[in-house]
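Here's the structure, in structure tokens; my notes come after.
Note that the structure is a prediction, hence the values are computed from the model and not measured. Side chains included, hydrogens not; waters and symmetry mates left out as well; all remaining heavy atoms used.
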2 protein chains.
Amino acid sequence: MSSDGSVTGDDEAVRTAGRGRRGPYAKSESRREEILDRAIEVFAERGVDGTSMRAIGEAVGVSHAALKHYFPSREALLVEVLRRREARLVEDVTARAGDDFTSLRLLADATVRNAAEPGFVALHTAMLATGVLDPDGEAGEHLVARYREARGRIADDLATGVMAGRPITEVADVAALLLAASDGLQAQWLLEGGTNGDVDLVRSYGLLIDLIGTRRGAQG
Amino acid sequence: MSSDGSVTGDDEAVRTAGRGRRGPYAKSESRREEILDRAIEVFAERGVDGTSMRAIGEAVGVSHAALKHYFPSREALLVEVLRRREARLVEDVTARAGDDFTSLRLLADATVRNAAEPGFVALHTAMLATGVLDPDGEAGEHLVARYREARGRIADDLATGVMAGRPITEVADVAALLLAASDGLQAQWLLEGGTNGDVDLVRSYGLLIDLIGTRRGAQG
DNA sequence: GTCTATACAGGGATAGAC
DNA sequence: GTCTATCCCTGTATAGAC
């Protein structure tokens, strides 16, 4: 689901990432990684709202203001957490899929994974709202890119698969619909208390996938 | 879409709403209404993030702390704004629908209305995230009730309409799916800059409705 | 480059005036 | 019942030490 495979997603950081030399950003990079690790720990323990800059700073052992040398804002830091998680999810799901994977199958697998990580689903929902309120902010820019890339990839796959021969606008709409339903169902699922609640995330999403995979008769 | 038709949605307030007598809550009620009116003005001018308690307080002419006598929190106040808007939307859409309205048609009409009010769509998305992060908070409680009611009503309508004869779980899943797709598409739509962007909210949602209305072959 | 100190605005909570 | 004053905690911003 990520728009790229990088873990850091930071242009400057990428320049030196993984190399042993002591370049201008070498230390920054490892420090960034450490801060992210701590942030994820705090996040796992206290949730999104509990992950304050001061709490992360405490976990790292520095003042909250020091974090701004590595992340311009709390929003940017949380986006980075999200980015990491997305990259990990893509890896895991594509690995599991083996040879015969389609976007539809990938999406279904990702949903199963999501159902096992309610904390990250909540983070995604929160960042989506943040991005919507400010599309030019860190969350917004990341999500715009991520959704564009995902819609494009899904649409391509659909166009050469189950929707071969359909008009492009319809294919594009279905791609948007697939991502939208995932986000919306996740929200209702969390609202109902997750897996124990009345909303069955995996089953409902599976229904949409079936609907698209087996549909007939739409005039086009 | 609201779980009820009330504008205030407050049990105590409802007791005296609309009556002329000077009961214990009469003054509170008109003051609440005034605050909400001002809040909506501030909200329209400065957006969700700009609608601080202090800003509303200024518009009303009191300190931000005074607002707490009418609304326990900013979250509660914004939920009330949302509630009002939902009630208005239901009125307008049902009025327009005339005799032959189904949930499917109503949902499509509501989407057209939503596309004309991006500010409120953003508010809804923001409150949804707030509710997800804390389902027991004001936003969470309202949304849980609202979605349950909406899912139930849509499911009933589907069961006696286009989905007659289908298994109940499938009908319930489609109901959740219809609300989910609406929320998710709205988010992508706002992310892409609204009506001028690459995501066509009304068209994409219409496609889902067509998909459900004309579907065949799903094994039941 | 890394970090502390500090100041400011926001939401929330409480005490107490009237 | 209505409201101000005030305090706490948060994210953010800046100055400046090293």
Quick one: which of C:dG12, D:dG11, C:dG10 gets closest to the side chain of B:S73?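 Side chain of B:S73 sits closest to C:dG12.
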side-chain N/O A:K68 vs D:dT12 OP1/OP2, d < 4.0 Å: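 No, because none of the side-chain N or O atoms of A:K68 sits under 4.0 Å from OP1 or OP2 of D:dT12.
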Indicate whether OP1 or OP2 belonging to C:dT2 is found under 4.0 Å from a side-chain N or O atom of A:S28.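 Indeed, a polar side-chain atom of A:S28 lies that close.
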Taking only Lys NZ, Arg NE, NH1 and NH2, and the carboxylate oxygens of Asp or Glu, determine whether [X] and [Y] approach each other closer than 4.0 Å.
X      : Y      : value
B:R31  : B:E34  : yes
A:R38  : A:E41  : yes
A:D109 : A:R105 : yes

Quickly work out the [X] [atom1] to [N] [atom2] distance and round it to whole Å.
X      : N      : atom1 : atom2 : result
A:D134 : D:dG11 : CG    : P     : 17 Å
B:F71  : D:dT2  : CZ    : P     : 12 Å
A:E75  : D:dT10 : CD    : P     : 19 Å
B:L77  : C:dG11 : CG    : C1'   : 12 Å
A:R32  : C:dG1  : CZ    : P     : 13 Å
A:R54  : C:dG11 : CZ    : C1'   : 14 Å
B:M53  : D:dT6  : CE    : P     : 20 Å

If you measure from CD on A:E138 to CD on A:E75, what distance do you get to the nearest 0.5 Å?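 One finds 5.0 Å between CD of A:E138 and CD of A:E75.
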Between B:H124 and B:E117: side-chain donor-acceptor atoms closer than 3.5 Å: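 No, no side-chain donor-acceptor contact under 3.5 Å.
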Please tell me whether A:D183 and A:Y147 have a donor and an acceptor in their side chains that are separated by less than 3.5 angstrom.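 A:Y147 and A:D183 do have a side-chain donor-acceptor pair below 3.5 Å.
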Qualifying residue for side chain to side chain contact (heavy atoms under 4.5 Å, CB included) with A:V81, from A:I40, A:T51, A:V48: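 Answer after filtering A:I40, A:T51, A:V48: A:I40.
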So does B:R74 reach the base of C:dG12 with its side chain, donor to acceptor, closer than 3.5 Å? no
Residues of residues 58-67 of chain B with any non-hydrogen atom less than 4.0 angstrom from an atom of DNA chain D: list those, numerically ordered, please. B:V62, B:S63, B:H64, B:A65, B:A66
